[in-house]
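Quick notes on the structure that follows.
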Amino acid sequence: MIDFKELAKEYGTPLYVYDFDYMAAQYEALKEAFRGRKSIIAYAVKANSNLSVIKHFAELGSGADCVSIGEVRRAFLAGIPSYKIIFSGVGKSDDEIREAIERDILYINVESEAELGRVELISKELNCAARISIRVNPNIDPKTHPYIATGLHDNKFGVDLDAAKRMYIKANNSENLDPVGIHFHIGSQLTQLQPIREAAEIVADLVRSLQAIDIELKFFDIGGGLGIKYDDETTIEPYEYAQAILGTLTALDMTILCEPGRFLTANAGYFITKFLYEKQNGEKKFVVVDGAMNDFLRPSLYKAYHEIEALSDAEGEPRAVDIVGPVCESGDFFAKDYLLPPLEHGDILVIKSAGAYGFGMGSNYNTRGRSAEVAVENGKARLIRRRESFEDLIALETEYLED
Ligand SMILES: *Cc1c(COP(=O)(O)O)cnc(C)c1O
């Protein structure tokens with residue numbers, strides 16, 4: 001058990017704490033599910049992009065799925081080998097494309113015909129053949145929150161099947177493009193297998209139709225999206241997931257690429273915040289804590305549910321409260337009508353499942369420095385990002401700083 005009170009005392013609050021052993025166990029479970037098949041687990045860096053977290057996965061043999069050149073640079077810094085790094089995203093700039101080609105990553109995941117044109121042009125300038133995959137949008141409803149659904153034609157991601165086929169033919173005929181993979185990612189926090197299976201079937205059929213015209217692809221990239229338990233969701237077991245995917249690949253000898261983010265880190269993370277005050281407006285009770293939406297945005301952005309545990313010695317019956325932060329927005333809350341026991345000033349609240357899309361979505365809104373981050377591994381805690389100071393926050397406002 002992690003001693004959150006002790007960590008709060010040592011590192012201050014608000015604070016992120018990550019259980020590195022849990023992350024490793026999740027990684028191994030997924031890797032094991034694809035055993036007997038060539039596979040690369042490419043950790044989706046955006047879920048938690050702390051360099052120590054990426055390095056932890058690098059040491060386990062993971063690759064990296066990146067959505068900006070900044071994330072690609074992080075992956076390199078953290079020791080992920082170039083041949084396990086992929087670069088996705090609908091809006092890559094010329095500079096980003098150029099750097100990705102120069103760094104010789106595994107492939108660039110192309111998301112539009114226009115982008116394919118840019119990649120070809122830049123690759124020609126560099127006198128090489130850029131390895132690419134094409135992100136197919138299979139028009140499947142993933143049955144998740146609309147903000148994290150990505151595999152419907154209503155969403156901005158990927159290209160439809162006809163466009164994908166045209167693009168593969170173009171790439172195959174180009175001296176400066178080397179199509180090596182095919183990709184789909186229909187959404188995040190997926191808890192049902194059927195949409196994934198349907199999407200994989202559609203994409204596998206496309207692979208077969210490309211084979212028929214002598215376009216051979218090596219990588220079958222199934223994206224990420226595996227859901228986790230925040231509350232009482234039923235989730236997909238890694239083994240079932242792998243079987244569903246492999247079942248669509250009959251007679252196709254391809255390397256599976258899988259890009260989990262949330263699955264690897266969400267339930268390894270805890271957001272620790274301190275109780276400040278209680279107040280009552282009419283019938284409504286508020287518990288005010290020192291963490292806020294700028295530290296941990298998911299409840300505000302998605303109305304996401306997170307289990308919250310109060311480490312309190314006060315006696316008394318639990319009551320329903322709204323747990324809110326100091327930021328000047330009514331949307332600044334962690335939970336509404338949540339049952340908490342009575343609290344005393346300085347008590348610690350532990351917000352669970354905060355290891356994915358937590359720190360990374362943080363901001364400096366209200367001139368609040370971002371939290372510190374701590375890793376716990378083999379029972380030992382260490383600081384992996386120090387708390388931001390006021391000086392950090394103003395460091396780029398040069399008009400005031402010069403002279
Ligand atoms: C965000 C993202 C992922 C990771 O999604 P999770 O739901 O965290 O597993 C994987 N691939 C791509 C292309 C993404 O954009």
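Both counts, for ligands and for their atoms, begin at 1 and track the order of listing.
- Compare Cys258, Gly225, Pro260 by their heavy atoms: the one nearest to atom 6 (P) of ligand 1 is in Gly225.
- For the pair Phe157 and ligand 1, no heavy-atom separation below 4.0 Å is found.
- The 12-atom threshold is not exceeded at NZ of Lys218, counting heavy atoms of other residues, nucleotides or ligands nearer than 6.0 Å.
- Annotation: atom 7 (O) of ligand 1 to nearest protein heavy atom, Ser188 OG, 2.3 Å.
- Under a cutoff of 6.0 Å and an axis angle of 45°, Arg385 and Phe359 do not form a cation-pi pair.
- Between Tyr357 and Phe296, the closest heavy-atom pair is O-CE1, 4.5 Å.
- Close approach to Arg262 involves these atoms of ligand 1, each under 4.0 Å from a residue heavy atom: 6 (P), 8 (O), 9 (O).
- Within ligand 1, counting atoms from 1 as listed, the ones closer than 4.0 Å to a heavy atom of Glu259 are 3 (C), 4 (C), 9 (O), 10 (C), 11 (N), 12 (C), 13 (C).
- Under a 4.0 Å criterion applied to the non-hydrogen atoms of Arg135, ligand 1 contributes the atoms 13 (C).
- For a threshold of 3.5 Å applied to N or O pairs, the pair formed by Gly261 and ligand 1 contains at least one separation below that value.
- Annotation: the span from Gln192 atom CD to Glu198 atom CD amounts to 10.5 Å, rounded to 0.5 Å.
- Those atoms of ligand 1 with a heavy atom of Asp65 less than 4.0 angstrom away are 10 (C), 11 (N), 12 (C), 13 (C), 14 (C).
- The nearest pair of heavy atoms linking Asp322 to Lys284 is OD2-CE, 2.9 Å.
- The single protein non-hydrogen atom nearest to atom 15 (O) of ligand 1 is Lys46 NZ, 2.8 Å, given as residue, atom name and distance.
- Those atoms of ligand 1 with a heavy atom of Tyr357 less than 4.0 angstrom away are 1 (C), 4 (C), 5 (O), 6 (P), 8 (O).
- Between Lys170 and the choices Glu175, Glu120, Glu113, the salt bridge (Lys or Arg N to Asp or Glu O under 4.0 Å) rule is met once, by Glu120.
- Across all non-hydrogen atoms, the minimal contact from Gly224 to Leu190 is O-CD1, 4.3 Å.
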